[in-house]
K.L.:
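I have a structure I would like to understand better, so I am pasting it below and will then ask my questions one at a time.
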Protein chains: 4
Amino acid sequence: MVRDVNRVQRKRDERVRRIVATAAELFGERGYDGTALEDVAERLDVTKGSLYYYFAGKDELAAAAIETLGSDWTARLEEMPATGPSAERLRALLREHIAIAVREYPAALRLFLVPDSWPDALRARIRELRARHDLVFRRVIREGVAAGELAVVDEDATLQALHAAMSQAPLWCSHLAGDAQDRAMDDLADTLMKLVRA
Amino acid sequence: MVRDVNRVQRKRDERVRRIVATAAELFGERGYDGTALEDVAERLDVTKGSLYYYFAGKDELAAAAIETLGSDWTARLEEMPATGPSAERLRALLREHIAIAVREYPAALRLFLVPDSWPDALRARIRELRARHDLVFRRVIREGVAAGELAVVDEDATLQALHAAMSQAPLWCSHLAGDAQDRAMDDLADTLMKLVRA
Amino acid sequence: MVRDVNRVQRKRDERVRRIVATAAELFGERGYDGTALEDVAERLDVTKGSLYYYFAGKDELAAAAIETLGSDWTARLEEMPATGPSAERLRALLREHIAIAVREYPAALRLFLVPDSWPDALRARIRELRARHDLVFRRVIREGVAAGELAVVDEDATLQALHAAMSQAPLWCSHLAGDAQDRAMDDLADTLMKLVRA
Amino acid sequence: MVRDVNRVQRKRDERVRRIVATAAELFGERGYDGTALEDVAERLDVTKGSLYYYFAGKDELAAAAIETLGSDWTARLEEMPATGPSAERLRALLREHIAIAVREYPAALRLFLVPDSWPDALRARIRELRARHDLVFRRVIREGVAAGELAVVDEDATLQALHAAMSQAPLWCSHLAGDAQDRAMDDLADTLMKLVRA
DNA sequence: CATGAATGAGCCTTCATTCAT
DNA sequence: GATGAATGAAGGCTCATTCAT
């Protein structure tokens, strides 16, 4: 019995996971308005109606997608090694953030930086996710500053600038390929490091 | 007679100007998809259909809005004094750009930085406008670098970062008031100047 | 005074004439639904609104256009020489009718043969015009039959068939050019003459 | 299972069939421009939007309507006995064609003979259908001519004339009833036979 | 659980018509 | 007389949402 309930539950979770992942992809690619539930359903090989069995509506699905996307992204940054000089750690974080933005969520810009186009209910949640995301960078910078390795004019302004620049990277890196793209990402990371130079 | 023609023309121009201004506001606030012609018309106290007397369609209206907004903005930056040390001139440009973004086009972000949500035909034009806009900054930086007053890791990356950060300023400055807002804008400008520090 | 009134009247008539002629052209080319008053106005280099000074609305203009077109067409056929053997006269009439249809009113089909797409008020009038038009051919045929030069299975059926075939000529002759077109029209006329062969 | 799939499919087909039939009726009655999807929906007692579940748009629905109508019609003619003297076979074909036009597709005229009012995409298809339709008659005539039983001035012109006359039959036969209508159709068929008389 | 089907609101666009100037 | 301007009613299309099966 309990076994069964668990199995059923696991199956449901797995299904929800797949739906959310697909939705995140599409919302990321095309934005909230540009993504039709039909598209999500089609990519999942189910019908539109089925989605309503798992989510109350488009907004809820979008919320879950953002949640997932934001959490995954932050998690990957949080998993990075936390030792060594602050500058090196920050450089690595920036580089990884840029790479994720360019390669995996080319339109995360829409998810994180233009919250106004999302239904009201989602905006607050987006802000929260962003704050947690922010913390990963803020901590390193703060440590670096405390240790005298880094210096900033203003912590908030610096973080805003960093995020802004990184999130827009896809807009001008996506069309590059191979080495050229890697180099562009390196250039951006190096450029941004000047913001915290002592 | 000629007077009359002129008067009529002036009146039409004025009307077109108002429509475009209103459209720019709304497109800025809600993005392309989020803005219905109905909304634009309503804010102008006319009916949807009337807009078609002046513009062939939503795209053309959006194009005009972008055009106007972009040109005005660039023009104001181009009018700034072009003498003195590069660093000072650049600082002034950044500060002015930020002020315009925050105070007048709080949602220009959507017009300039998320081109993917715009119809294909408009994206190219947006890119062009942005390029011209870009040139204002690029020129000063290049001169400064040539004169040894400034230094950049990479010109393109630097410009992208500058623009990205400035355009997003409204997202975190708009809710501040008075002095606090001024200080935040100063902080951002100062922070960004580090990107070109020799 | 009287002179003036006359002059004014003549001017008005001339203007009405031009409007109707233009409307006839366009209705002929594109049909009732496919023709916008804007188009008519534009071709006349006036504004849409002006048309309402001369006609109460689209229907009335269309009525006048049909009237004119129908009358002109019939008049041209009525002006043809009325002497000689019936067969020759009929052959000439058919040939001329086809030529007018192909060269001048390529879409008269829409005016004469599909009356259902016209507003109710116009359909009756169209039928009348067609009847008068019909008479031109009917008379010659009747004379020919009476004189034993021609023979028909049934007068009405023959006339319907003649008109139908001639009116549709544009559909398959229009795309031909020069001699080929002339030959096609001759072939059709000759073919149709078999319908009245003794 | 398979049963179910079949049942669902059959139901869908049946629905599509009804929609197409209704659309054909209305397009036939009022032409392409004169028929609003709203009208089609209303006659089917559904809402406009529902039609889009089955057809991508007005054009596609119109295409299906034409297709069905054209195919059915041609099929019925192709099924007629293909033996006996050419003249007799042709006479039978003409008579049947006229009967179908008058009794079942009184407005086919608009579908087949006024292609100019149809969107470009459909015109080509209409032409194709008409060509296939044409072939039924063309074959018999060609055989008859080869056998010396029939004679034509020009094959193309003859076929055009035949089709034109037959398709317009409804315009002047529809209002007749019973025997009178039958006689009118006979008269037309007999009249048209003169076109191929040796 | 999932599907097919249907709905209804909303959007862009066209156009005949009206009217003040 | 003519123009510029505005209106309002359609009409085509999309899509989130609902629901019976």
Side-chain angles (χ1 to χ4, degrees), chain A residues 8 11-12 15 32-41 44-62 119, chain B residues 4-5 7-9 11-12 15-16 33-41 44-61 119, chain C residues 8 11-12 15 33-41 44-62, chain D residues 4-5 7-9 11-12 15-16 33-41 44-61 119:
Chain A
V8 167
K11 202 148 190 180
R12 182 187 173 92
R15 226 161 231 154
Y32 185 81
D33 286 322
T35 304
L37 288 193
E38 180 80 48
D39 301 338
V40 179
L44 285 163
D45 255 318
V46 294
T47 38
K48 232 190 325 183
S50 306
L51 300 179
Y52 283 81
Y53 185 78
Y54 298 97
F55 295 93
K58 191 181 184 180
D59 285 13
E60 202 166 291
L61 177 54
Chain B
D4 267 19
V5 170
R7 192 149 45 91
V8 166
Q9 185 59 36
K11 207 151 188 178
R12 184 186 177 94
R15 224 162 232 142
V16 167
D33 286 324
T35 305
L37 288 193
E38 179 85 43
D39 301 339
V40 179
L44 286 163
D45 253 319
V46 293
T47 39
K48 234 189 322 182
S50 306
L51 300 180
Y52 284 83
Y53 186 71
Y54 300 96
F55 294 92
K58 192 181 185 181
D59 284 17
E60 204 166 285
L61 177 54
Chain C
V8 166
K11 203 149 190 179
R12 183 188 172 90
R15 225 161 232 153
D33 286 321
T35 304
L37 289 193
E38 180 81 46
D39 301 338
V40 178
L44 285 163
D45 253 320
V46 293
T47 37
K48 230 190 325 182
S50 306
L51 300 179
Y52 283 83
Y53 185 77
Y54 298 96
F55 295 93
K58 192 182 185 181
D59 285 14
E60 202 165 291
L61 177 54
Chain D
D4 266 19
V5 169
R7 191 151 44 93
V8 166
Q9 185 59 35
K11 207 152 190 177
R12 182 185 180 94
R15 226 163 230 141
V16 167
D33 286 325
T35 305
L37 289 192
E38 178 85 44
D39 301 339
V40 179
L44 286 163
D45 252 318
V46 292
T47 40
K48 231 190 325 182
S50 306
L51 300 180
Y52 284 85
Y53 187 72
Y54 299 94
F55 295 93
K58 193 181 184 179
D59 284 17
E60 205 166 286
L61 177 54

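Letters go in sequence order (proteins before strands), and every chain restarts at 1. Note that these values count all heavy atoms, side chains included, but never hydrogens, waters or copies made by symmetry.
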K.L.:
Which one is paired to E:dA20, where only Watson-Crick or G-U wobble pairs with both distances under 3.5 angstrom count?
P.N.:
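Here E:dA20 is engaged in a pair, and the nucleotide opposite it is F:dT3.
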K.L.:
So what does C:Y54 hit on the nucleic acid, given a heavy-atom distance under 4.0 Å: a base, only sugar-phosphate, or nothing?
P.N.:
sugar-phosphate
K.L.:
How close do B:D39 and B:G34 get, heavy atom to heavy atom, and via which atoms?
P.N.:
OD2-O, 4.2 Å
K.L.:
Mind checking whether C:Y52 and C:E60 have side chains closer than 4.5 Å, heavy atoms only?
P.N.:
no
K.L.:
Is the charged tip of A:K58 near the ring of A:Y32: under 6.0 Å from the six-membered ring centre and within 45° of its axis?
P.N.:
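Checked: cation-pi criterion met.
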K.L.:
Given that B:R12 and A:A36 both sit by DNA chain F, which one's nearest nucleotide is further toward the 5' end?
P.N.:
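Nearer the 5' end of the strand: B:R12.
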K.L.:
Could you state the CD-P distance from B:E60 to E:dT13, rounded to the nearest angstrom?
P.N.:
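These atoms are roughly 10 Å apart.
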K.L.:
Classify B:G57 by what it touches in the nucleic acid, base, sugar-phosphate, or nothing, heavy-atom distance under 4.0 Å.
P.N.:
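Since only primed, P, OP1 and OP2 atoms lie under 4.0 Å of B:G57, the category is sugar-phosphate.
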K.L.:
Do the side chains of A:L61 and A:Y54 get nearer than 4.5 Å, heavy atoms only?
P.N.:
no
K.L.:
What integer distance in Å separates B:D33:CG from E:dG10:P?
P.N.:
17 Å
K.L.:
Starting at the 5' end of DNA chain F and moving along, which residue's nearest nucleotide shows up first, B:D45 or D:G49?
P.N.:
B:D45
K.L.:
Nearest whole Å is fine: how far is F:dG12 P from B:L37 CG?
P.N.:
19 Å
K.L.:
On DNA chain E, check which nucleotide each of C:T35 and A:V46 is closest to and give me the residue with the more 5' one.
P.N.:
A:V46
K.L.:
Using heavy atoms to find the nearest nucleotide of DNA chain E for A:L51 and C:K58 separately, return the residue whose nucleotide is more 5′.
P.N.:
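Checking each residue's closest nucleotide, the 5'-ward one belongs to A:L51.
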K.L.:
Is any side-chain N or O of B:K48 under 3.5 Å from a base N or O of F:dT7, one able to act as donor and the other as acceptor?
P.N.:
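A donor-acceptor contact between them is absent.
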K.L.:
Between C1' on F:dA16 and CG on A:D59, what's the gap in Å once rounded to a whole number?
P.N.:
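So the CG-C1' distance, A:D59 to F:dA16, works out to 10 Å.
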K.L.:
So, is B:Y53 close to the F:dA5 phosphate, meaning a side-chain N or O under 4.0 Å from OP1 or OP2?
P.N.:
yes
K.L.:
Within the structure, does a side-chain N or O atom of A:Y52 lie under 4.0 Å from either OP1 or OP2 of F:dT17?
P.N.:
yes
K.L.:
Say you draw a straight line from CZ of B:F55 to CG of B:L37; how long is it, rounded to the nearest 0.5 Å?
P.N.:
11.0 Å
K.L.:
In whole angstrom, give the distance that lies between atom CD of B:Q9 and atom P of E:dT21.
P.N.:
20 Å
K.L.:
Between C1' on E:dC12 and CG on B:D39, what's the gap in Å once rounded to a whole number?
P.N.:
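My rounded result for the distance is 13 Å.
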K.L.:
Which nucleotide in the set F:dA2, E:dA6, E:dT3 lies at the smallest distance from any side-chain heavy atom of D:R15?
P.N.:
E:dA6
K.L.:
For B:F55 and F:dA5, what is the distance between atoms CZ and P respectively, to the nearest whole Å?
P.N.:
12 Å
K.L.:
Quick one: which of E:dC1, F:dT7, F:dA2 gets closest to the side chain of C:S50?
P.N.:
F:dA2
K.L.:
Report the distance from atom CD of B:E38 to atom P of E:dA9, rounded to the nearest whole Å.
P.N.:
15 Å
